[in-house]
Every structure is written in C-alpha cells, then in structure tokens.
Amino acid sequence: MAEGKSDVKIGVYVCHCGSNIAGTVDVEKVTEFAQEQGSVAVARNYKFMCSEPGQALIKKDIEELGLDGVVVAACSPRMHEPTFRRVCEEAGLNPYRLHMCNIREQCSWVHKNGATEKAEALISAAISRACYLEPLERREVPVAPAVLVVGGGIAGIQAALKVADAGRKVYLVEREPSIGGHMAQLDKTFPTLDCSACILTPRMAAVKAHPNIELMTYSEVVDVQGYVGNFKATIRRKPRYVDESLCTGCGICWEKCPWKAESEFDCGLGQRKAIYTPFPQAVPNVPVIDPEHCVYILRDGKCGACLKFCERGAIDFNQTEKMVEVEVGAIIVATGYDVFDPSAITRLGYNRFPNVITSLEFERLCNAAGPTSGHIVVDGREPKSVGIIHCVGSRDRKYHEYCSRVCCMYALKFAHLIKEKIEGANVYQFYIDMRCYGKGFEEFYQRAGTEGVTFIRGRPAQVTDLAISEEEEGKLMVVCENTLVGAVMRVPVDMVILCPAMEARSDARDVARLFNLSQSADGFLLERHAKMEPVATANDGVFVVGCVQGPKDIPDTVAQALAGAAEALALIDKGSVELEAATAVVDEAACSGCKICVPLCPYTAITFNEAEKRALINEALCKGCGVCVAACPAAAIVARHFTDQQILAEVEALLVDARPAPAEV
Amino acid sequence: MRYVYYPGCSASGTSKEAEESLQAAMGALGVEWTELEDWNCCGAAIAIGTSYLLSVALPARNLALAERAESDLVTGCSRCFLNLIRAIHYTHENASVHEKVNELLAETGVQYSGKARLRHLLDVIVNDIGLDVVAERVTQPLDGLRVAPYYGCCQGMWTYAQFDSVEDPHCFDQLLATLGAQVVDYPLKTACCGGTLSMSRRSVGAKLIGDLLAAAGDADCIVTACPLCLFNLNSFQREAGRIKGTHFNIPVLFLTQMMGMAFGLPKKALGLQRNAVPVDGLYKKIAAGATVSSGAASASRPK
Amino acid sequence: MVVPSDNYEPRIVGFLCNWCAYQGADLAGTSRMAYAPNVRIVRVMCTGRIDPTFVLKAFNSGADGVIIAGCHPGDCHYSEGNYKTTRRIALLKKLLSQMGIDGERFRLEWVSAGEGAKWAQIADEMSAAIKEKGPLAWRENLKEA
Amino acid sequence: MGALATTLEKAWTPHTLERIPSLRYLVGNDFSLCYQCGLCTGSCRSAYAMKYTPRQVMNLLQLGRVDEAVASGSGLLCTACFSCTFRCPRGVAITDLMGAIQRLSLAEKHADPHIQRFYRAFMRTVERHGRFHEIEFLVRYYALNPLRLRDELRVGLTLLTKGKIVLKAPKVKSQKGIAAMFRKAAQIEGRP
C-alpha cells in the first residue's frame, strides 16, 4: 500500500470508457485498490468520466469533500487533460492539481493479460504524484494577429484567402516563382471534369489582389522561433532579378530571351526561357531569371537582351537574397507532396521507352496550354491504345505501403479524356482494387464503363517492347495476370501512363524540424489526432493542411485548408494565449552560481546575474523541458509540475507491487 | 588475389567448359583460384521439392566449409549462388532455421555461424579484379561481335542487390563491352531459363528456352553467367525450335569462355570444343570485324 | 540469490518524453497493437529532464529494468534535449554496468510519434529479455554482496 | 474454373496450417498477406502452364484448400527463380510456399511418375555421392523408362561425345556425413 501524505485528500476517478477500459481492466477491483491507498478520500468509477454526469461527479466531490488533488484514470492526457483541468477549475481546484493516469492507450488497449495489475500500479503512481502536485498560475500574453501560410498550392491559397477574408493579415510564402502548386498543372478535375485552371486561377488572382495578403513567392521560410501566439519566422527571398514593383508582366523579356531550358511546369515536355513565368496565368505575373541558364549571369554580362527590351527598366541583376522577418500568431504548413519517381521500378519502362509517361506528364499533354496544345501525342504519334497502370509505388512494401487515394479516380478521368480526344482509342485500366469512395466517384466509374474502357484486374509485371507475334510489332506490351480470369495477358498498347504514388516531399524532414513537427511512418507530417484534430499538430499554433499531411484529392485538401484557417482564426481572434505554467524556476538560495545551466537552455531563457552570482530564468521564454533541472549539480532548479519529488514519488509508487523480501537459497 | 571458389555440379560435369575456361581466364588474369575442399551439391532447384531443411542445409554446408577455410566463397554458378545466398539470408532471419540447419550439419562435423561472405564471379571480375585489368589483358578484341549477355533469373533476387541493380543489372554488359563486343540489350536478359524444367517437363522448359533464344534476336552468340543456363540454352535448341516453329543455331558460351577468346587463349583451354552449338563462326566474325574497324574499337571501349 | 518463479513477470519503468515516445506509445494503443504489460510509463516533457537519480530510484524500488525513450536525434521538441540525454545516459550506463546492470536491463531508445509498432516491439523485446534473465532484486543482491 | 467451383462449393474445413509444417520456418510473410494483385503470376515464366497460377495458389492457401493446390501439380512447374518473391508488394514468401506445395504434390504422388522419378533420382544421387553424378542419375532416371530414354538420346549423345559425362563418381570425403544429413532431415520433417 502506498503511504501517501496524511495531510492531503485525493479523489480517484476510474473511467470505464464504455468497454474500452472496462472490457480489459477490472474497474471495480481497481477502484477498490485505489480506495485503500493512503491519502485517498474517495475513489469512484463511472461509465464515461468525460461525460456531463461524469464531470459532475468530480466537481461535486471537489466541492463537498474539499479535495486537494484529483486523479482521473482514463485515456491519454493528450485526449482529455484539458477537459478535466477545466472541471477542476470550475469546481475551484487549481487545474495543475489534476493528474491523468493513462489506462487506456497504454494499458487496456494493448494488453490482454495483466492489464488490471498494470492499471493498479499506474494508479498507485498517479495518487502518489498527485499528493505532491502544486497549484500553478498560468499567465496570458497577447497574440500577434497575423498568420503565416507556407506553401502556395491549392491548400495554401484557400487557407490564406479564408483568413484574409476574416480580416486578418496573412503572409503567404511560396518556394516557386508562382503560386498554384500541382493543381495548376492538372488539366481537368475528377469527377466533375471542371477545368483545373478555370477553378484555380480566379483564386490565385484573388490572393494577389487581397489587401490582407502579403504574397512572397520565390521565397522560403528558413527559421522559426517563439511559441504559439508569438512566432517569429525568417523568410529568405531569393533574387528574381526582376523588380516586382516595376514589372507589368508584358512578356517582352521572355519573348526576346534567346536562352532555353526544360520547363519544370511542363514536366520537361516543353521548354521555357531563362527569364520566365512558369505558366501564362502565373501569380504574380512577374518573371524570374534562372541563374543556371541566364547567360548574362553565367558569362558576366554577355547578353542582356531582357535588359535592353524592358521599357520599365524592371530587370535588376544587382538584386541579392533578402531576409524578411515576420511576427505571427499561427502558422499553416501546406507544402504539398512529391510525385514518386517510377524509374525506380525499371521493369515498367519509365525513362527507357519514350511512350511510357507519368500521370502528371499526361496532364500536361492533355492541357490546351501544354506543350502539345492539348493533343495527346507521344514520340510523334497519337496513341490508338493506352494502358493505364495503377498503384505505381503505392501499396507496395518496397516503396510506399499506403494507397495514394487519387489515382483510381484520375485514371478514370484519363480514360474519359482519351476516349474524348482520340476516336476509337482503346483504354485499358490495370488496377488492383478500384477505390471510388467519394461523392460522385462511383457514378464516374460507371460512366467510364459505358464509354468502353477495359478494366483488367492485375498489377502489371512488365512493360516490354519485345514482340513475340506480328500484332505486337512496334507496340509496348503490358504483361499482367488478369486475376479475374487467372491467365497472363500481353496487352499491346501505344502508350503507357503510370500512376505514381504521392509521396512526402524529399525535404519533409527538414520542414518537420523547422516547424517542430513529427512525421508519421510514411514520411508525411503528423496531425495531432487522426480523427478529432486532423489539422492541429503536436506544436501548438502550427497546423498542417493538404497533402503535406498525406495523399488526398482536391476536395479533401480544400476542406482541410479551410479547417486550418478556422483553427488559426480561432487562435488569433481570442487575442491572447495562456503561457505554459510548468516552467523551471531557480531557487536562488540554493544556486551556487556555477553557470552550468546557462548554455544548456535551447531558448536562452537563462541569464546570469553577475552581481548576485545567481542564475535567473525568464518564464516567458522557458518552455519547461527540464534540461537545466537535470543538469543542476546543486539541485537548485525546480521544474514546476515535474519536480524531483513528484517524479520520485511516482516512480516509487509505480513499483508498489514489487515483491517483498525474496526467498533465499 | 586469392579466392576459394565453389564450382557446383554443372560446371564439373555437363558444363565442363565453364570450369575449364574459368581456370584458364583466371590464370591469365593472375588470380589464384582454389577449389573449396570437400564441397557438396547445393540442391539445385530440386532439393526444395523434397525437403525444406535440406534445401537450406545443403548450401549451408558449403558456407560452413568456407568458414572453416577462413575465406569468402566465390561461385560462378547463378543457381548455386541463389541457393547459397538464400541459406545465408534464411539462417540469419530465422533462428529456428539456423538451429535446425546446424543440427543437420553436425552430422558432417561442421557448423555454420553466418560469417562467410558470398561473392558472384561477375562481382569479383568487375569489382575486385577490375575492368581496367581485364581490358589490359585483351589481345583479340571481339570487334563486330554482337553478344547478348544472359544474366539469368537466379541473379534477380539477392544477387545483384549486393553489387548491381536487381532488376536492371549492367555489370555483365560492361564486361562484354570491355572485351570489345557489341552488347545486345534484350528484355529477357534476367528472365529464368526454366532450370530443371528442361528435364522434368520438356514441353514447358523448351518453350521458355525458345522464348529466350528468340528474344536475343540477331545476336551472334549468347553469353551466360551460369553453367546450368549454359547447358539448357545449348542442349535444347532443337526442341525449342520445334515449339517456336523455327530453327535455332546460336552459340552459347560461358562468360569466361568469352573472356578467354578475347584474351587470345587456346580454344582447347577454354573447352570451346565442348559447346553443343559450334562456336567457330564467332572467330571468323571477330577476324572480319577487326579488319573493318581497325583501331576504332579500342577507343569505343569504356575505361 | 533470487530464484525466478515460473510465472515471473518483470517490472520495467519507462521514462518517455511527451512529444515523441509517449505519443508513439499512445499510437500503439489507438492501433491496438498488443504487447507485453511489463513496462510502466512515467511521462516527462523531455528525456533531457531525466535525472540519473530517477533511474537509480526505479532500480532501488524494485524495477527489473528501466527504459528511456525520446525523440530521434535531431527531432527533439526542444531542439537538443535528447543529445544531452545521450551523453548523460552513457555515463549512467557505465556506472550501472559496474553494478551488474547491463544493456538489456537499461535501455535508451528513440521512438517517434509515428512509431507505435516500434514501441510495442521494444516493450516486447525488453520484457522477454528480462524474463529470461530473471528478477534483478537489486536491493537484496546489493545486501548480499 | 468449373472444377474449383465444385470443390469450393462443398462444405470444407480449412487445413492450411497442419498441411504445411514448413510455415514455421518461413522467412518472409505467409499467404495471409497476399492481396491478389497477380504480380507474382505476371513475373512467372512457367505460370502459363500451371493449372492454378501462383496467385491462385496463394488464394487456395488463404481459403484453406491446400489439397486442391497440391492435386493441381502447379507447384511442380515452379523453377524456384524467386522473381515472384522478390517483387511481391506484400513481402509474401511465394517461392517457398510454392515449394511446400511442390513437396506435397510429390510426396502424395500427384505428379507424373517420371517427374517423381526425376526428383528421386537426383536426390538419391546427391545423397549417395554428395554431388550430382550424371551416369548414376541417368541410370536411376531412365532405367525404368526406356521410352523417355529415346527422347533424351540426342542430348545424351552430345554430352557423351563432348566429353561431358564423367564416368567416375565424384569423391566427397564427407559422403557418409551427407547421407546422415539426409536421414536426419527426413527424421525431423517426419518423412519416410
């Protein structure tokens, strides 16, 4: 039995969580166990502690029994700690005198046998800790009433517009010369077949025109300091070599520029100039000069065609990189996704056969503004038969285990577009499972069937140009088991479209570190809760929206973007945030002035008072990590809410069932 | 350089030319080859049809012998390589497999710890000996000879993962180019030749061989990295032709035979008289090619 | 000498940082990954907070093993708390090994918030390893020595 | 398709695990992870000749219909090239599972007698000599099968004239030990 403290009264509340806890943990036994512990004034269990009646139970006890501490043995503190802290507060108990004991995520959900014993140990530890919890005061600080949106694809655009429409200042930072993202590259969108540009470009223009949005393209966030409500972000603005304030976007410069490079926007299928806008509707409609292809830059002034022809004198080769600092209350990360490189799977022939292309390349081929003016032509020919291969790099342990969620649908869209543009064309879908789960998706699938698209269930093993019969000559053969028949088919086609996985950006790890976020196992950034907090993150005040969080289609991306905007607005419109009360504090009497702690602090929150030879912690800067506490040789630093006493008491009581004196041999 | 090598049954019988030419070519390169003492059959593709444990333990015994000889083990047979590396992989991944294998090996007085490293002949030639050394030894460049390298399927799994792309290997191509040959790329270069199906299920085996021979197209010859494939591709051309409705007569050589030709070694030393499909035509082509492109070929060879 | 009984269940104390490992353990829960019930978790904000005395206290109170789990190097929520932990724990490890507590009884692991499966695996491994070894009974054994 | 439909129609009890004892030694995932994409079949050169493609064999295992897979003899066409295993997106140890089916087909005599003789002759030769020995193998394989011998005459003669048939048996010092290995394996695996 834990001894506890004689002078405190603790209430213990064991939650059944329906059968989530009670199905595995004997809640009656655990409650009885709690009741027997010293310091425990009352122990109860209830079906759902987080429900109104459950909360009322706790409140009543606090008020009537005058509890000094509350232990709620239920789910993870990451779920309901805020709920029960509020309960305590409303009943007049300092919220820091609550301890959440995690007997669901870390006990009932993961153990079949021994869950009750483990729950007892955890509760024993919780009671012990609760005896030593001290009341703390949270302080409020005002928030910076602005939002930083990182990434100018459809997610970033929608989030920025919504926040700006609510009257708040937005800084929208985009790495590329124009906003628009991947959506700007798409031709039509499923299942409605809206033209992607038609629905996107008005939003892009609205961003440019919005008085509350400060757009920074060709720029990257390089540093983030501060905390929720008060972030300081440093943005690196790369030199465009074109003055945005002078340029009218007339286009004479790129018309006259003699130097060409592959167009990134057209996936290398077309060309652009060394001074260019990625596409005609680019926002801002101001070109950039690509220093890797501009001969003026490469060969020290030997060209200057743009300089000569620009009537406004907007070309400025003296521009240099600039650092801009902004202060914001919330950050929305919308940095999108990368397309898996299918050349990793050599047997599918990408990069070996010119008529094996990726879905994004096909989008550009199909697009009226694309390199072929919308004519589907590869290797100089219009294909009469097309094979579309699903799940390239998706649903495969060697590459990505997950399903990329959009490929089935855009593959159907492709089939429709091919049928529409090329009369009599045969289209074969090589799929494993058709996943048409969204609104209007199944109907679209049906439509493709009526349009005469052929569906072959099987993951192709190979795309080869080896002909073994006359009708195969000059064709690409997709070799695949038709799994519904149980026979290997060789399907001759003129073009193969691969549907590569959507994958986390190659620099997702850097982005995660920059904003202090976590990545899930698939590399995408991790939301705080998969269902209930889909855009919040472990870092308060930072939200993830769109494909940076995982593969998704445009409707889902937009929905998340708006959710992110709502989260950010809710945060900054409140006007203030509560600072963490669980900070470290120096016991001046005990401090020996050794200065070991000073350089350890990652937030430079510790200063040294030379006159008094004492360390001092700035509570506004301290985030309560406790590194200094563990390092202090004089034990003069106290981690509030995680004091040595609290943790040691917790550890001791955690082993409450450690066997008594063992048998001697 | 000194290597302990595992010849395998094919190379010591039905594909003797592989073994003879291997000795000759390595001798020409100044590499010392010692045969693994007391080696046994790796079980080919047959042991797996009789006993799971034997299919791992038979190759593992050879690895245990290599450990006893305190040496890495090299093999020039892809089928053997696959069985050997499978044994390494499985005993490493599954402790109960390892335990049972050692239980079996105890009967022959050896134990396998998992230390022995396995190398493929191609890996040794390309990465240890080096293509530059091979190039220096070339006295009769294979100018004008169109050669189709046949890596063999067995290399697909773990083989090239160690030293080349698994699905699209290139080291063999590079080696042949170094010898001055014109390398023919064809899609079935890593496909299975059917292994023992040529014996156990002739109609299937011959079809697979026929597809392969046809895929190599207008190559003057096929070069294999596996004595078992060498036997298959050489011995069943008539049966394959019957199934494919054509007539095959394409010389198939082992890779060290091809090297030996470029090194100017005597035919007999390379066992060239043993190849089922005569190879004399190749010498004529080389001679003709040399007169056409005198000197130019050496420049086109990679470094 | 302590005699391990057949149904011996080791007690292992886990100190997990709030941002990565604790969330990883929560993820194992929400994903319902069954694992051994022997690890009992103490939540700290950062592994950098972990004072060696916490670990000694755990062993002294009857723990058969202690595991510290935090964010992967470079991913610390507080920038570099886990680097400090690494250094601090290396020293402690040396000290403990002199007292007969080896690397199977005292582990330092990196578990991200997305690595629920890894946490479950570590808990299973460690429980099995200590079960094999038997109870530590440090207090009693020290007395004997 | 018809034959399978009728067997599946009958009441059945799954019996996968008992029938494949080597599952305990499996390296890689078992058939339960197969999601029937067919990449194995598409990668298999001999699948065209199988009654059930490798994917279908995996499905039969999932359904517990090992007997059906064994009787089909599909496993006997596996060349153990491992292409399927290497490519499988779910990491299923397909080749070893096909091997298990192959063993059952041979042990339960679902293969042509000459195929059974082929396997037996090969293994017996290795058991006796530690290595393959052509002459002994040929004698064992063809002695009772003169008709097949006629088919093989051409290949055999070529080998003979090219000096590739070694008359002398290979000498492996540990011959006895290897034979003991064979016996031990049979004992562990419960084979006669």
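Numbered from 1 within each chain, the chains take letters A, B, ... in sequence-line order.
- Looking at A/Arg509, the atoms closer than 4.5 Å to chain C (heavy atoms on both sides) all sit in the side chain, from C-beta outward.
- In this structure, a donor-acceptor pair under 3.5 Å is absent between the side chains of C/Trp110 and C/Asn82.
- For A/Leu122, the part lying under 4.5 angstrom from a heavy atom of chain C is the side chain only.
- With chain A as the partner, the residue from C/Asp26, C/Thr53, C/Asn18 showing the most heavy-atom pairs under 4.5 Å is C/Asp26.
- Both the backbone and the side chain of A/Glu652 come within contact range of chain C, each with at least one heavy atom under 4.5 Å from a heavy atom of that chain.
- Using a 4.0 Å cut-off between charged nitrogen and carboxylate oxygen, C/Arg88 and C/Asp51 do not count as a salt-bridge pair.
- Judged purely by atom type and a 3.5 angstrom limit, A/Asp26 uses its side chain to pair as donor or acceptor with the backbone of A/Lys29.
- Per-residue counts of heavy-atom pairs under 4.5 Å with chain A were compared for C/Gly116, C/Pro37, C/Ala36; the largest is that of C/Pro37.
- Ranked by heavy-atom pairs under 4.5 Å with chain C, the list A/His641, A/Lys118, A/Met79, A/Gln106 is led by A/Gln106.
- Both the backbone and the side chain of A/Asp644 have a heavy atom closer than 4.5 Å to some heavy atom of chain C.
- Sparse packing is recorded around CG of A/Asn113, with 12 or fewer heavy atoms of other residues, nucleotides or ligands lying under 6.0 Å away.
- Interface check for chain C: of the options A/Ser518, A/Cys625, A/Ala639, A/Ala121, the most heavy-atom pairs under 4.5 Å are formed by A/Cys625.
- For chain C, the option among A/Pro602, A/Pro77, A/Gly114, A/Ser108 with the highest count of heavy-atom pairs below 4.5 Å is A/Pro77.
- There is no contact between A/Leu517 and chain C, counting heavy-atom distances below 4.5 Å.
- Heavy-atom distances place both the backbone and the side chain of C/Lys57 under 4.5 Å from chain A.
- Proximity to chain C (any heavy atom under 4.5 Å) is shown, for A/Ala125, by neither the backbone nor the side chain.
- Both the backbone and the side chain of C/Ile41 have a heavy atom closer than 4.5 Å to some heavy atom of chain A.
- No other option in C/Gly81, C/Ala63, C/Ser112, C/Ala28 has as many heavy-atom pairs under 4.5 Å with chain A as C/Ala63.
- Neither the backbone nor the side chain of A/Ala512 comes within less than 4.5 Å of any heavy atom in chain C.
- The pair A/Glu619-A/Arg640 meets the salt-bridge criterion, with a side-chain N (NZ, NE, NH1 or NH2) lying under 4.0 Å from an Asp/Glu carboxylate O.
- Judged purely by distance below 3.5 Å, without hydrogens or angles, the side chains of C/Thr85 and C/Thr47 pair a donor atom with an acceptor atom.
- Here C/Glu104 pairs with C/Lys133 in a salt bridge; the nearest charged N to carboxylate O distance falls below 4.0 Å.
- A salt bridge is absent between C/Arg105 and C/Glu132: the closest approach of a Lys/Arg side-chain nitrogen to an acidic carboxylate oxygen does not fall below 4.0 angstrom.
- Under the 3.5 Å distance criterion, with hydrogens and angles disregarded, no donor-acceptor pair is assigned to the side chains of A/Asn618 and A/Tyr603.
- Within the 4.5 angstrom heavy-atom criterion, only side-chain atoms of A/Lys112, from C-beta onward, approach chain C.
- Only the side chain of A/Ile647 comes within less than 4.5 Å of a heavy atom in chain C; its backbone stays farther off.
- For chain A, no part of C/Ala120 is nearby; none of its heavy atoms comes within less than 4.5 Å.
- If you measure heavy-atom distances from C/Asp64 to chain A, you find no contacts under 4.5 Å at all.
- With respect to the salt-bridge test (charged N to carboxylate O, under 4.0 angstrom), the residues A/Arg78 and A/Glu105 do not qualify.
- Here C/Arg107 pairs with C/Glu125 in a salt bridge; the nearest charged N to carboxylate O distance falls below 4.0 Å.
- C/Arg40 has a carboxylate O that lies under 4.0 Å from a charged side-chain N of A/Asp657, or vice versa, which qualifies the two as a salt bridge.
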Derivation and outcome, side-chain hydrogen bond (donor to acceptor under 3.5 Å, both in side chains), residues A/Asn539 and A/Thr537: CA-CA 5 Å; A/Asn539 195 6; A/Thr537 65; 5.7 Å; no

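- Heavy atoms closer than 4.5 Å to chain A are found in the side chain of C/Phe15, but not in its backbone.
- For C/Cys76, the part lying near chain A is the backbone, with the side chain staying farther off; criterion is any non-hydrogen pair under 4.5 Å.
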